Amino acid sequence: MASILKMLRVVADPNRLRILLLLGNEELSVAELQEILGMGQSTISTHLAQLKQAELVEDRRAGKSSLYKLIVDGKDEVVVGLLAQARAEIAEAEADQRAMRRVVRKRQDKMRSFFDSVAGRMGRDYVPGKSWKGVAEALLRLLPPMVIADLGAGEGAFALLLAQRAAKVIAVDSSPGMIEVGREQAARHGVSNVEYRLGDMEELPIDDAAVDLVFFSQSLHHALHPQRALQEAWRILRPGGRIVILDLAKHRFEEARELYADEWLGFGEAELEMMLEKAGFDQVQTSIVHKEDDAPHFQTLLSVADKAGAS
């Protein structure tokens, strides 16, 4: 171990302490630390070099990358105590750990690349009888009959799809025009278990604990106050219910505000996880499920969470 004075000088920087807290739980690459901490590559590399020199971290090759980990063991009471104090005092520590868990899930999810490749081919290569509509129809059959709320439903195309299996779908939208079109489409297709209601996502016209499943399909980024919309979703869900969100990952395409009336330019994965937890949900899972090839290269974010059952 390097001298105690040298070690203390190195860990005097809060960002290096954040890195040590992360590496104490998981081996991480420079790119993964960048994603978690939001810092540049050169900054991360400089911090790691100083921590290595102080003999606090070590690295190993893993393919084209290097993975770093903390090498202080439980016998080093000075460093262990310092990190325990830092964990309690550093405001970003909890968010860092949450972001780290998300990054590790990405690394471990080896099947994701397979499904991404299938998704890319299905839109370009002809496979007789195979389509995303067919897959969606099959998956819908796996849903038990339940009451579903489609929030920010628009014209109600998704609500009509859900209605094939649901006991009832409550489709809510703030646009009278959208509600009218949705009702006309339901009548035209003879669908009687979809109820269109005019209302705002932040003040839903739905009773407490009235639904089993809440869907936000590319609608949450239109809410003036997304946190309020999520709290309303929690209110209307029965204990043991689930929320599913499909939305845009955070992006910088400012024109979306004018072109699509977007209030928010998507959401970060960690950001949406924190919002859901703040609203009262648990078992939160988020991931990027689609990346568009064409500019501005929008990415689709999927988030799923549960409302705890009655005790």
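Computed over heavy atoms, backbone and side chain alike; hydrogens, waters and symmetry mates excluded. Note that the numbering runs from 1 along the sequence shown for the chain. Computed from a predicted structure; not experimentally measured.
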Does [X] reach the side chain of [Y], with side-chain heavy atoms less than 4.5 Å apart?
X	Y	answer
Gln285	Ser303	no
Ile19	Leu51	yes
Leu248	Leu265	no
Ile245	Leu230	yes
Lys168	Glu195	yes

Exercise. Would the His251 and Phe298 ring centres measure less than 6.0 Å apart?
Worked result: yes

Problem set entry | Taking every non-hydrogen atom, the tightest pair across Ser219 and Leu151 | OG-O, 2.8 Å

Problem set entry | Heavy-atom pair with the smallest gap, counting every atom of Gln97 and Leu21 | NE2-O, 3.5 Å

May I ask you to check whether over 12 heavy atoms, not counting those of [X], lie within 6.0 Å of atom [atom1]?
X	atom1	value
Met39	CE	yes
Glu255	CD	yes
Gln227	CD	yes
Glu258	CD	no
Glu263	CD	yes

For this session: Kindly indicate, with the supporting measurements, whether the criterion side chain to side chain contact (heavy atoms under 4.5 Å, CB included) is fulfilled by Leu48 and Leu33.
Result: CA-CA 10 Å; Leu48 289 171; Leu33 286 168; 4.0 Å; yes

State whether [X] and [Y] are salt-bridged, where the test is any N-O pair (Lys NZ or Arg NE/NH1/NH2 against Asp/Glu carboxylate O) under 4.0 Å.
X	Y	answer
Glu27	Arg60	yes
Glu273	Arg105	yes
Glu58	Lys69	yes
Glu232	Arg228	no
Arg101	Glu26	no

Exercise. Ile243 pairs by side chain to side chain contact (heavy atoms under 4.5 Å, CB included) with which of Asp306, Val304, Leu276?
Worked result: Leu276

Exercise. Does Glu254 have any side-chain hydrogen bond (donor to acceptor under 3.5 Å, both in side chains) partners at least two apart in sequence or in another chain, and if so, which?
Worked result: Arg257

